[in-house]
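Just so it is clear, the structure is predicted and the values come from calculations on it, not from any experiment. This chain uses plain numbering: 1 for the first residue, then up along the sequence. Just so it is clear, the values below take in all heavy atoms, side chains as well, and ignore hydrogens, waters and symmetry mates.
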Amino acid sequence: MPIMNNNLRIQTLTEKKLVGKQMAMSLSNNKTADLWRSFMPRRKEIANNVTSELISMQVCNEPLRIGDLNQVFEKWAAVEVADFTNVPPEMETYILKGGLYAVFPYKGLSTDNKIFIYIFGTWLPSSGYLLDNRPHFEILGDKYKNGDPNSEEEIWIPIKSK
C-alpha cells in the first residue's frame, strides 16, 4: 500500500530546460523500463546539470484521457540543465514551460498505481482545480530507489483553476 504524504502543495513551476531520451508508448504498451535502461548508462554525458535529480515525464499531444490505457504519449527520461550546449548524441532537448502544479510527495513502489487513482479519482474532482494539458512528471531525487517500497519521489500534476 503506497504512503501518500498529506503534505501536498500547489506550486508554480518556472521553466526548465531538460536533456534526455524519449520514447512513444501507452500504458498498455509501457516501455518505461526500456527507456530508462537506455538513458541511465549515458546520463553522466550530459553537461551543465542543475541538480542530480532525474525527471520522468509524460507528454501528451492531446488532453489526457484518464483511464484510456491505449492513449499514446511521449515518455522522457531526463535531467534539468542550465543550457543546451553540448547535448550528447542521440539525446534530445525539451523546454518544460512553467505553470501551476499539484505536487504529491509519494513513498512506495513506482509500479503501484493507487496514488494516481487517488489523485485523479478523489483529490482532483474535489480540489477546485482542473487537469491542465501540460506535461506530467515525477522528480526522482536522492531518496528514489527503483523497485524499493521505501522509495520516495514527487509527482507533479499540471492543474488550472476551475
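- Judged as a salt bridge (Lys or Arg N to Asp or Glu O under 4.0 Å), and not counting sequence neighbours, Lys21 has no contacts.
- Evaluation of the salt bridge (Lys or Arg N to Asp or Glu O under 4.0 Å) rule for Asp34 yields Arg37 as partners, not counting sequence neighbours.
- The shortest side-chain heavy-atom distance between Ile119 and Phe104 falls under the 4.5 Å cut-off.
- Exactly one residue among Leu18, Val79, Asn86 makes a side-chain contact (heavy atoms from CB on, under 4.5 Å) with Ile46. That residue is Val79.
- Partners of Thr32 under the side chain to side chain donor-acceptor pair (under 3.5 Å) rule, at least two apart in sequence or in another chain, are Asn30.
- Every residue two or more places apart in sequence or in another chain that forms a side-chain contact (heavy atoms from CB on, under 4.5 Å) with Arg9 is listed here: Gln11, Val103, Glu154, Trp156.
- Shown here for Ala102 and Leu8, the closest heavy-atom pair between the two residues is CB-CD1, 4.2 Å.
- Side chains of Ser28 and Asn70: a donor on one and an acceptor on the other come within 3.5 Å.
- No more than 12 heavy-atom neighbours from other residues, nucleotides or ligands sit within 6.0 angstrom of NZ on Lys44.
- In this structure Asp68 satisfies the side chain to side chain donor-acceptor pair (under 3.5 Å) test together with Arg65, sequence neighbours excluded.
- Note that NZ of Lys17 is 6.0 Å distant from CD1 of Ile95, once rounded to the nearest 0.5 Å.
- Counting heavy atoms from C-beta on, the side chains of Tyr129 and Ile157 never come closer than 4.5 Å.
- Atom-to-atom distance recorded for Glu153:CD and Leu54:CG is 11.0 Å, nearest 0.5 angstrom.
- Contacts classified as salt bridge (charged side-chain N to carboxylate O under 4.0 Å, His left out) and involving residues 116-125 (residues at least two apart or in different chains) are not found.
- Residue Gln22 holds its CD atom at 10.5 Å from OG of Ser38, rounded to the nearest 0.5 Å.
- Under a hydrophobic-cluster definition in which Ile, Leu, Val, Met, Phe, Trp and Tyr are linked whenever side-chain heavy atoms come within less than 4.5 Å, directly or via other members, Tyr106 and Tyr144 are assigned to different clusters.
- Here the side chains of Leu64 and Leu131 are in contact, with some heavy-atom distance below 4.5 Å.
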Let me see the working for Leu130 and Ile159 under side chain to side chain contact (heavy atoms under 4.5 Å, CB included), right down to the final yes or no. CA-CA 6 Å; Leu130 297 170; Ile159 56 173; over 6 Å; no
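- With sequence neighbours excluded, the residues that form a salt bridge (Lys or Arg N to Asp or Glu O under 4.0 Å) with Glu80 are Lys16.
- Closest of all the heavy-atom pairs between Val50 and Val81 is CG2-C, 3.4 Å.
- Sorted by first then second residue, the salt bridge (charged side-chain N to carboxylate O under 4.0 Å, His left out) pairs that include residues 118-130, not counting sequence neighbours, number zero.
- Taking 4.5 Å as the limit, every side-chain heavy atom of Ile139 sits out of range of all side-chain heavy atoms of Ser56.
- To the nearest 0.5 Å, atom CZ of residue Phe116 and atom CH2 of residue Trp123 are 13.5 Å apart.
- Asn146 and Ser151 share no donor-acceptor pair across their side chains, judged by distance under 3.5 Å alone.
- Note that NZ of Lys75 and CD of Gln58 are 3.5 Å apart. Values are rounded to the nearest 0.5 Å.
- By the salt bridge (Lys or Arg N to Asp or Glu O under 4.0 Å) test, Glu90 pairs with Arg42, sequence neighbours left out.
- With contacts defined as side-chain heavy-atom distances shorter than 4.5 Å, the pair Glu152/Pro105 does not qualify.
- Residue Phe39 holds its CZ atom at 10.0 Å from CD of Glu45, rounded to the nearest 0.5 Å.
- Thr12 places none of its side-chain heavy atoms less than 4.5 Å from the side chain of Tyr101.
- Residue pairs meeting the ring pair (Phe, Tyr, Trp, His ring centres under 6.0 Å) criterion with at least one member in residues 59-93, sequence neighbours excluded: Trp76-Tyr94.
- Phe120 approaches His136 most closely through the heavy-atom pair CZ-CE1, 3.9 Å.
- Residues Leu140 and Trp36 form a side-chain contact, since some pair of their non-hydrogen atoms from C-beta on lies under 4.5 Å apart.
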Could you go step by step and tell me if Asn150 and Lys107 meet the side chain to side chain contact (heavy atoms under 4.5 Å, CB included) rule? CA-CA 6 Å; Asn150 293 312; Lys107 182 176 182 178; 3.6 Å; yes
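- Contact check for Met57 versus Val59: side-chain heavy atoms found under the 4.5 Å cut-off.
- Note on residues 133-149: pairs passing salt bridge (charged side-chain N to carboxylate O under 4.0 Å, His left out), not counting sequence neighbours, are Asp132-Arg134.
- Residue pairs meeting the ring pair (Phe, Tyr, Trp, His ring centres under 6.0 Å) criterion with at least one member in residues 43-69: none, sequence neighbours excluded.
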